[in-house]
Amino acid sequence: MTQITMRQAKDYVGQTVEIGAWVTNKRSSGKIAFLQLRDGDAYFQGVVLKNDVPSEVFELAKSLLQESSVKVTGVVQEDSRSKLGYELLVSDIELIGDSQEYPITPKEHGVEFLMDHRHLWLRSSKQHAVMTIRNEIIRATYEFFNKEGFIKVDPPILTGSAPEGTTELFHTKYFDREAYLSQSGQLYMEAAAMAFGKVFSFGPTFRAEKSKTRRHLIEFWMIEPEMAFMHQEQSLEVQEQYVAFLVRSVLDNCQVALHTLERDTAILEKYTQLPFPRISYDQAIELLNANGFDDITWGEDFGSPHETFIANQYDQPVFIMNYPKEIKPFYMKVNEERDDLVECADLIAPEGYGEIIGGSEREVDYEVLEANVKAFGLDPEELQWYLDLRKYGSVPHAGFGLGLERTVTWICGTEHIRESIPFPRLLNRIYP
Ligand code: 4AD
Ligand code: MG
């Protein structure tokens with residue numbers, strides 16, 4: 001007997017196959033039982049006809065409980081009513097693993113309950129769809145950067161430096177000294193860009209942020225490209241092409257998942273249009289003040305209502321450029337005309353999803369950078385290796401970081417970032 005997964009169904013129409021699956025639901029009448037099944041890849045229906053199978057098979061079908069695992073044998077049939085287009089006409093069932101009193105029933109459950117059962121919640125069709133889209137974004141990331149001639153470089157996770165500020169660090173013992181979990185691989189990626197030209201990293205990052213919002217994780221994954229001989233304006237072009245490529249890839253390759261999530265694909269189509277709009281920080285402040293936001297003045301960072309208002313002016317993600325130097329990290333290059341601004345941009349996603357990219361051109365002047373290191377309370381000795389990069393063949397370079405989970409949440413159109421990663425680490429949660 002050929003064992004297949006339901007994804008291969010189209011090649012086996014009319015043939016008898018065997019599939020390993022779990023039972024998500026069932027209903028039966030006197031003569032027919034419908035099994036809702038999932039094989040880890042697809043969700044599909046198995047039909048058991050009382051008159052066509054041995055009576056013990058029909059009895060077993062009727063007795064199967066939610067999440068029991070089975071091997072089902074049957075004939076693949078076309079079924080235009082199902083999303084998948086195929087179902088299985090079952091001739092035999094083997095029970096593999098029993099499942100009594102599965103805690104997540106088809107009724108509504110509260111979020112904390114579901115989070116406590118995240119190890120099981122992952123099996124539900126919505127979570128499956130989100131993870132499918134996450135996987136596609138990961139796949140498309142590698143495709144994009146490889147096609148554009150970047151090489152992947154892996155920065156360390158245990159570090160002695162704090163690029164994004166010293167208040168949000170996870171401290172850990174490193175034998176007889178102290179170390180931190182990486183907040184960002186950027187500084188190492190700058191070294192890598194001087195060695196390999198165009199590089200990207202893709203790894204976990206950690207921030208001990210005391211923020212309990214629908215956009216913050218304590219552990220999240222970041223994609224950080226860094227490009228030698230490149231200025232901020234060119235980096236913005238790479239950023240918008242990359243983001244549009246991600247949305248295009250999901251639209252082309254994840255139709256079933258988008259349908260499960262009831263995501264409006266016409267809206268997503270707009271995000272594949274280039275270029276993305278750009279406004280300056282100054283203009284953004286003026287826009288907010290002119291529209292009744294008197295809780296923000298020049299020199300302050302945006303909160304999420306501000307970002308959402310700005311995002312709502314456009315149909316695409318929008319770049320906010322040239323923030324005040326004071327509210328950005330030490331490594332950003334100062335604007336040539338205005339020394340109170342830096343050469344940076346944040347990319348704000350539409351529909352209230354907030355910042356998905358932070359990026360900038362990097363300061364290349366040794367003296368300016370050394371002064372910044374000290375002014376930001378960082379240890380110049382710990383960062384001597386980084387300052388070295390400005391001594392030996394320093395070149396203009398720029399880069400950015402895209403938050404994977406924010407991007408997944410936005411493209412999926414889901415409410416909260418906690419569903420965009422298999423096992424989220426949140427302010428009040430490290431279980432399961
Ligand atoms: O803006 P951030 O802090 O930028 C950096 O870390 C730079 N060193 C990147 C670089 O230039 N190489 O973070 C980048 C992105 C944010 O735009 C956001 O998408 C995501 O990382 N991010 C978070 N995602 C989830 N939870 C958090 N707590 C996040 N903090 C940042
Ligand atoms: Mg940022």
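In this text the structure is predicted, and so the values were computed from the model without any measurement. Numbering of ligands and ligand atoms starts at 1, following listing order.
The minimum heavy-atom distance between H216 and R406, with the atom names listed, is NE2-NH2, 3.7 Å.
Looking at E226 and R362, a side-chain N of the basic residue comes within less than 4.0 Å of a carboxylate O on the acidic one, giving a salt bridge. Salt-bridge check for R338 with D282: passed, with a basic side-chain N closer than 4.0 Å to an acidic carboxylate O. In summary, K147 and E143 do not engage in a salt bridge, as defined by a charged side-chain N under 4.0 Å from a carboxylate O.
Using cut-offs of 30° and 60° on the angle between ring planes, the pair H306 and F293 is perpendicular. In this structure, H119 and Y431 have perpendicular ring planes: the angle between them is above 60°, well past the 30° mark. Using cut-offs of 30° and 60° for the angle between ring planes, the Y281 and Y323 rings count as tilted.
Both the backbone and the side chain of E355 come within 4.0 Å of ligand 1, judged by heavy-atom distances. For I357, every heavy-atom contact with ligand 1 shorter than 4.0 Å involves the backbone, none the side chain.
Under a 4.0 Å heavy-atom criterion, E361 is not in contact with ligand 1. In this structure, R207 counts as a contact residue of ligand 1, since one of its heavy atoms falls inside 4.0 Å of the ligand.
Any N or O atom pair closer than 3.5 Å counts here, and E226 shares no such pair with ligand 1. In terms of polar-atom proximity, L217 is counted as a contact of ligand 1, with an N or O under 3.5 Å from an N or O of the ligand. Backbone and side-chain nitrogen or oxygen atoms of L402 are examined, and none is located within less than 3.5 angstrom of a nitrogen or oxygen of ligand 1. Below 3.5 Å of separation, one finds no N or O of S360 facing any N or O of ligand 1. On a distance-only criterion, Q183 and ligand 1 share no N/O pair closer than 3.5 Å.
In terms of distance to the Mg ion (ligand 2), the nearest N, O or S atom of E355 is named OE2.
Nearest protein heavy-atom contact of atom 28 (N) of ligand 1 is E209 OE2, 2.7 Å. Nearest protein heavy-atom neighbour of atom 11 (O) of ligand 1: R362 NH2, 2.9 Å. Protein heavy atom in closest approach to atom 12 (N) of ligand 1: E224 OE2, 2.7 Å. Looking from atom 15 (C) of ligand 1 to the surrounding protein, the closest heavy atom is G401 O, 3.6 Å. Looking only at heavy atoms of the protein, atom 19 (O) of ligand 1 is closest to I356 O, 3.0 Å. Protein heavy atom at the shortest distance from atom 18 (C) of ligand 1 is R406 NH1, 3.5 Å.
Within the set W221, F400, F220, Y353, the minimum heavy-atom distance to atom 31 (C) of ligand 1 is found for F220.
At least one cation-pi condition fails for R390 and Y366: the charged atom is not both under 6.0 angstrom from the six-membered ring centre and inside a 45 degree cone around its axis.
The distance from ligand 1 to the heavy atoms of Y331 drops below 4.0 Å at these ligand atoms: 7 (C), 8 (N).
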Can you give the donor-acceptor pairs under 3.5 Å from side chains of residues 198-206 to other protein atoms, not counting sequence neighbours?
unit_1 : atom_1 : unit_2 : atom_2 : d
K198   : NZ     : E148   : O      : 2.8
T205   : OG1    : F220   : O      : 3.0

